[in-house]
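Below is one structure; the comments refer to it alone.
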Amino acid sequence: MLIYKVARSIRIIFGFAWLNGVIAAKRNPLWVISYLITPFSLLVLFFVWGGESLARNAVIGGLVSMAAMNGIGLMGDVAYYKNFVKLQDMMVASPMTALHYMLGLALSGFLFSMPGLLLMLLFAGKLIGLSIMSLLVIIIVYIILLLSTAGIGFTVATFVREERYVWPLSNILSFGLMILPPVYYPYTLLPSSLVGPAVILPTSNAAMILQYITGLMPKLPYNLAALLAILGAETVVFLWISLKKSQWREK
Amino acid sequence: MLAAETVDLWKIYSRGAKRIEALKGVSVKISKNTITSLLGRNGAGKTTFIRILGTQLLPTKGEAYVLGYDVVREAGLVRERIAVLPQEAQPLMFPSPLEYVKYVLVMRGMPLSDAEKQSKSALEEMGIPRKYWNRSVWSLSGGYRRRVLLALLFAMNAELVFLDEPSIGLDPIARRSLWNKILSFRKRGITIILTTHYMEEAYILSDYVIVIHEGKVIGYDTPRNLVENLPVKYKVIVLNDCAELSKLKLDADFTVGSSPPYTLYYKQIENALEISRSLNVKDCNIKIEPVNLEDYLIIKTSG
């Protein structure tokens, strides 16, 4: 029974991810490209002004940004599916659960970002040089961050009644999660009082881990295990909040 | 077994300090393998009612059962057996009809190979030409998009289907074609509960009609019985203002309209004919018709 339930859940999640990620990307590749614009623009700027040394930070920032942008970007899908095409309403009245729905969306975000991720990993390999271990950590952190930001995006979006409200919200969240905190720059440039909040923010936390694991940053404000634990715990918390507080079955 | 049953069902929305009573103690029993239409004015509580039965919305109090299962405590069991077409639902625009139906079935837990087979058979059943199956949905007309949604519902193999205003925005031909499809659902043993503002649709499709007004059920019968049990039988529709009208309005058993067109209702055909004779037909531009389901709704819910 448990195996049947797990197999069914995987099918449900992959079915949604295929519909929302692969088919949508195939029919409209502009979406895939649009998620690459910000990280690659910054990479180009950093490279032109600071050469390879700054571009290395931009590559790490780009990887973090792509995960976060895809996670936050799900807000648009959630609001569109809920308010315009009523897909969420149809799926509430089906065996699909809010967790399936959210994981399907997050997985579709991952599939959507695959071309960009591969490209950015190629740059990372060229500019930084990646070991198998660092590659593995990058991918794990990328997935955890995507889940974490998808949890944030899903929760916020289910309260949005009009798609147009999503645009400013996602821009503000993107700025607050990707540009302001030390994602594209080392945390050591922050005043010491802001290091704690930066560790708590999932994007800057992930950037610190990746900067450290790729050798761009010689030390971390706390040990690696603590940072990974914080990121993991935040993901669980954001997913939990999204399941408990989001408007799946309306009250 | 009943398809659905509610016992003293209430739904109260709280918007800040404001309380809106959308349903006020609705108790109904809906039989299996029937088409039941919910009628009522805007904001009467129809959508709230089917959203509670469809497990999309929690009731405030009372009981609701679908196919014998409690919609609150056994929502999972209900959801395995129902399909819902929400008001103003649209298929996704980028996938093709075949991809959309197939993957939404997979999202409901159906294995991919079964979903593929079911989708093709449902698209065929709904009369969507094969040449459209692999084009993006956005290239299809509104009527075909609706059919794609119905194909999806059809393919779900649900025992009970909820349709919230399924024919809204369709032209008369497309609407009639949709009716055929809905009737074909019932032929397969599927129970249908729908809401509509098209009285002709409700009359033609429904085995039973439930009339909801301000959150309460005010009528539940076959459409024919509802109309036959109205105290008035005929109506005179007066399209223009004319001199004799104000006096004649006093003789009507029930009047609707404070400006043209006016509808004057009568118990006897003789009264209606007398009115038509006494009015200057050309000036007033009148029509005499027997009452129908729309008149039931107007008489019972206006004023």
Side-chain angles (χ1 to χ4, degrees), chain A residues 4-32 76-78 80-105 107-108 111-112 158 161 163 247-251, chain B residues 11 13-14 47-48 50-60 66 71-72 75-96 99-112 115 135-138 145 149 152-153 156 158 160-162 164:
Chain A
Y4 168 76
K5 273 189 172 176
V6 171
R8 197 182 191 209
S9 293
I10 291 171
R11 192 186 300 141
I12 291 172
I13 293 163
F14 273 82
F16 191 20
W18 196 262
L19 189 66
N20 192 54
V22 177
I23 292 173
K26 213 169 67 180
R27 293 278 152 78
N28 190 5
L30 289 177
W31 275 334
V32 177
D77 287 355
V78 173
Y80 177 73
Y81 291 157
K82 183 179 164 69
N83 302 323
F84 188 70
V85 293
K86 314 283 181 190
L87 180 73
Q88 186 178 320
D89 229 15
M90 280 175 85
M91 298 324 295
V92 170
S94 84
M96 186 182 236
T97 63
L99 183 64
H100 291 141
Y101 192 77
M102 208 191 54
L103 291 179
L105 279 169
L107 183 60
S108 67
L111 294 172
F112 227 84
T158 55
R161 291 195 172 271
E163 289 92 271
Q247 305 264 339
W248 184 247
R249 184 181 196 177
E250 288 175 30
K251 294 183 181 82
Chain B
K11 181 65 197 178
Y13 295 104
S14 298
T47 297
T48 297
I50 66 167
R51 291 192 82 229
I52 290 174
L53 293 183
T55 71
Q56 298 145 295
L57 181 69
L58 283 167
T60 307
V66 167
V71 296
V72 178
L77 292 167
V78 173
R79 288 168 177 165
E80 296 282 347
R81 292 162 175 82
I82 62 167
V84 172
L85 179 63
Q87 204 177 99
E88 294 168 2
Q90 295 270 347
L92 301 186
M93 294 296 145
F94 281 107
S96 67
E99 287 167 336
Y100 173 71
V101 175
K102 184 168 75 180
Y103 285 104
V104 176
L105 291 179
V106 173
M107 284 158 68
R108 283 181 61 101
M110 197 182 276
L112 190 63
R135 290 185 192 174
S136 283
V137 166
W138 61 259
R145 288 180 192 176
L149 283 172
L152 172 63
L153 292 183
M156 283 176 185
L160 172 57
V161 171
F162 295 96
D164 198 356

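Residue numbering restarts at 1 for every chain, and letters A, B, ... go by the order of the sequence lines. Because only heavy atoms are used, hydrogens play no part in the values below, and waters and symmetry mates are left out as well, while side chains stay in.
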Q: Name the region of B:Pro91, side chain, backbone, both or neither, that has any atom closer than 4.5 Å to a heavy atom of chain A.
A: backbone
Q. Which atom pair, heavy atoms only, marks the closest approach of B:Leu58 to A:Lys251?
A. CD1-CG, 4.0 Å
Q. From A:Phe84 CZ over to B:Leu92 CG, what is the distance, rounded to the nearest 0.5 angstrom?
A. 11.0 Å
Q. Side chain, backbone, both or neither: which part of B:Phe162 has a non-hydrogen atom closer than 4.5 Å to chain A?
A. neither
(Q) Quick check: do B:Asp164 and A:Lys86 have side-chain heavy atoms less than 4.5 Å from each other? (A) no
Q) To the nearest 0.5 Å, how far apart are OG in A:Ser94 and CE in B:Met156? A) 7.0 Å
Q: Tell me, out of A:Ala93, A:Ala17, A:Ala24, A:Gly15, who's got the most heavy-atom pairs with chain B below 4.5 Å.
A: A:Ala93
Q. Which heavy atom of B:Pro95 sits nearest a heavy atom of A:Ile23, and at what distance?
A. CA-CG2, 3.8 Å
Q: Using a heavy-atom cutoff of under 4.5 Å, enumerate the residues of residues 4-14 of chain A that contact chain B, numbered in order, or state 'none'.
A: A:Arg8, A:Arg11, A:Ile12
Q) By side-chain hydrogen bond (donor to acceptor under 3.5 Å, both in side chains), which residues pair with B:Glu99, not counting sequence neighbours? A) A:Arg27, B:Ser96
Q. Among B:Met110, B:Arg81, B:Gln87, which residue forms the greatest number of heavy-atom pairs with chain A at distances under 4.5 Å?
A. B:Met110
Q | Largest heavy-atom contact set with chain B, pairs under 4.5 Å, which of A:Leu87, A:Leu19, A:Asn28 | A | A:Leu19
Q) Which one, A:Met96, A:His100, A:Met90, leads in non-hydrogen pairs under 4.5 Å with chain B? A) A:Met90
**Q.** Closest approach of B:Thr55 to A:Arg249 (non-hydrogen atoms, all atoms of both residues)
**A.** O-NE, 3.1 Å
Q: Tell me, please, which residues at least two apart from A:Tyr101 pass side-chain hydrogen bond (donor to acceptor under 3.5 Å, both in side chains).
A: none
Q. What salt bridge (charged side-chain N to carboxylate O under 4.0 Å, His left out) pairs are there with at least one residue in residues 87-102 of chain A, not counting sequence neighbours?
A. A:Asp89-B:Arg51
Q | Residue part contacting chain A, namely of B:Leu152, when any heavy atom lies under 4.5 Å | A | side chain
Q) chain A heavy atoms under 4.5 Å from B:Val66: which part of the residue, side chain, backbone, both or neither? A) neither
Q.
Return the CE to CH2 distance between B:Met107 and A:Trp18, rounded to the nearest 0.5 Å.
A. 15.0 Å
Q. Using a cut-off of under 4.5 Å for heavy-atom pairs, which of B:Met93, B:Glu88, B:Lys11, B:Gln90 has the most such pairs with chain A?
A. B:Gln90
